[in-house]
Amino acid sequence: MGTISLRVNGKLHILELDPATPLLFVLADELGLRGPKFGCGMAQCGACTVIVRGEVVRSCVMPVSAVGKDEVTTLEGLGTPEKPHPIQQAFIDEGAAQCGFCLSGVMLTAKAVLDEKPDASDQEIRDALGGVLCRCFTHTRMLRAIRKYADAKRKV
Amino acid sequence: MSVSRRDFLKISGALIVSFGAESLAGPLVHAQGPFDTHPSHIDPTKLDSWIAVAADGTVTAYTGKCDFGQGMFTAQTQLVAEELCVSVSRVKLIQCDTSVAPDQGTTSGSQSSPTNFNSGNLGQAAATAREALLSMAAKRFGEQSDQLTVADGIITGKSGRRVTYAELIGSHRFDIPLSATAKRRSQEQWTVLGKAVPSLDRPALMTGQFEFVHNVRVPGMLHGRVVRPPDVGGTVASVDESSVRQIPGVVKVVVRKDFVGVVAEKQSQAVQAARQLKVKWNTGVGLPPQNTFYESLRKLPSRDVLVVDSKDVEQKLAGAGTVVRATYVYSYQMHGSVGTSCAVADVKPDHATVWSATQSVYPTRSIVAKLLGLPLEGVRVIYVRGSGCYGLNGADAVSFDAALMSHAVGKPVRVQLSREDEMAWENFGAASLIDQRAAIDQKGAIVAWDCENWETSRGGRPGYDHPGNVITGVLAGFEPVTVTARAAEEPKGKLRNNNNAVPSYIAGCIDGKCGGGGTIRSERVLFHTVPSPFFTGPLRSPSRIQNTFAHESFMDELGARAKADPVAFRLRHLSEERIINVVKAAADAFKWERRPSPKPNIAQTGIVRGRGIACVAYEGDNGYSALIAEVDVDLASGRVMPKKFVVAVDAGPISNPDGLRNQSEGGILQGMSRALGEIVTWNDKRVTSTDWESYNSLYLGSDMPAIEVILMKPTGVPATGAGETAITVVPAALGNAIFDATGVRLREVPFTPDRVRAALLAQRT
């Protein structure tokens, strides 16, 4: 056991836990967050994705102690149902989900690549999403929503 | 404990708003069902079982058909709003909770729309309620019901007097039966149904606030993990509980016959304990070699159904100029939900609550009661959405896992499966072997069609009585339903084509009555169900995708032999209008060029392009689709790259066109993933495709084909299923397109690059 301070979505949490605990279990069980989800536990699907230091991280394989002082952003850290982030708004507008379990991986991965490279091509976006699974296969709508978000973002 | 109806509505309002486990775990566990019915005994013939109007005018509707992401929550909300003439925002839908919702069995088989949107159940209840309210208002105004108008829950009389639903009924029960004659609003009158109402879950989903079953948290909840046998059929020899004693937080090792699980305070501790627990397992039953497995199905004892038999098929085949034969193989495939299955159970000495993503809350209630020795009334199963299931994934099994573990520790337990446990032990989509024979006459018409099918089966949905139909039940000591060999009887009664064993092109005549979709009158379909070494269960378009792959590929082979255009050849042998219409609509939209397949002058190197069509009358009459696929095939690597899909779908009146498009697009891509890459693999002991490296799925990074969805708008017909019609035709459409491009026929799904390459090489030698 150890004391861990963890900054998530703008809030600092002081937690007593085993520092080897996967970040995902801390977010889901200790902090009750619903965005990141357990899909495989092996970094193969993306359902547990969060953003740390501007980069996507598979929180199922990252020990909480590895986060350090950096901020963790989850899907709920982007926006709220009342005030969604533009990428979330694009997904709402395009109806880009069915069950929606995979959305953390899809949206956060797309957001991270477009933050890094606002003029990313469709191919570059797809490359970034190469390890993200959606088993309802809502792919076309998701890619359309991401494109819409990217285009709007570039105009700003 | 008795809860007044008003209180109940308040609670149920909170329930739907928050979907919150906290509100559910509280007083509602003890709450009675609605309107003083016995908990979980909700009489579907009574209006109050379906519809309640609160004092604030809110309409609460109860349904036994749940939303897995296919859009049923929104569509049913639209249905209630439409029939009751209120806005969507006024309707609160409560789905699949054995304490408050009627038992509608299982949400499956493309049956939700036919069940609730046609002549009975939820839609009829809402119409009954509207008529009852109108007659109450008429009485109050001293006018005739048909002189009244209604808008958003406000009834206006001819005299201009107004009264709200809430004023008429709020906080009182209707106390009337469901009326079979209550007039339904016609498609022309629709203002809410038929509109692309955005799925109501979107804002919460997209912002990470939606509560999945994985997010259910109950006070005092512990975490469980299962420890499954390494091999199929493995049994416990001994469990060394001391092997996990030093892991902090471990509460208990749970063993019940061959069921093993660990319960710990934290999820990571449960994961670690499950990995570390020393269990001595007896060897399993051994598995047959995969490469000869499908051919071996013919020799197994089988349960036979002769679906149709004109008794002259052998004679016609013997006398025909051209006889075509082919055998098709469809591999085991997985549901492979992106999130592993999860459930939370809270078992007390005399009652239990289970939060489950099952498609079958009432059957799950029965099984949990059976496993735990509780009375039926003591178990409540509450549906909470899981990761998309596409059929019987691990949702039922994990609900039983959670119940067993919570029972053992006397505290609420959340169980989520590991990826390996999910994939090794789920009920796979069945493997099939299908023999086809047909005769073509000199004019190029098919004159006889014979089909014989071997489909694997073990277990399946647990239903109300069979815990052993999924892994947890077997481990806990229950037997699965297995195949009992039985000879076929003569076909009688109406043609039954609910598993699409019957090709669309045969007449389907039994005792002079023809229920098929086609013109071929010399016909025989013999279906064998044979034992499976693995659990099987419904996976999106169960049996139908396998059978349709064989029928629609074979139809293409026959057309090629007759040197006929694949679309024209189909139309020539079809008689059913709705399937004809979807074929024509898809062909028109694709700008189909009439010519036989394969296409002329195929290149020998590089990338070649082709097109293929397939169509189906889903379950014979539960939805219609025709799909045209355009693919590129890389002749060097054998890679198949779909470029474009055009699908025409007829689902009867469309509740929500956006929902239907979403289902059709997703169905096509899921079909593409299954047709091109998905296959369960095994060695002599166990399943070996147990993660996303060993089981192929189309990722979001894959090249995406363009998809065009054409929605048919038939009139005067009932609603049909819609979620499975598009996927059903994908493997055949792709196989036919590959044939068109290359001249090579693929008869085994999936069409992996290795297989395509091998087939191309075989063709050249």
Polar side-chain atom of [X] near backbone of [Y] as donor-acceptor pair, under 3.5 Å:
| X | Y | value |
| --- | --- | --- |
| Y390(B) | R135(A) | yes |
| R419(B) | G39(A) | yes |
| Q88(A) | M206(B) | yes |
| R126(A) | L700(B) | no |

- request: Please look at F68(B) and chain A and tell me whether the side chain, the backbone, both or neither of the residue comes under 4.5 angstrom of a heavy atom of that chain.
  value: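 Just its backbone gets close to chain A.
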message: Quick test of your reading of the model: are R202(B) and D93(A) salt-bridged, counting only N-O distances below 4.0 Å?
response: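 D93(A) and R202(B): not salt-bridged.
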query: So, R217(B) and D29(A), do they make that salt bridge, N to O below 4.0 Å?
result: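 Looking at R217(B) and D29(A), the cut-off is met.
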Is any side-chain heavy atom of [X] closer than 4.5 Å to a side-chain heavy atom of [Y]?
| X | Y | value |
| --- | --- | --- |
| R141(A) | N662(B) | yes |
| M42(A) | W692(B) | no |
| V271(B) | F25(A) | yes |
| L78(A) | T207(B) | no |

message: Can you tell me how far apart CD (Q267(B)) and OG1 (T21(A)) are? Round to the nearest 0.5 Å.
response: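 Separation between the atoms: 10.5 Å.
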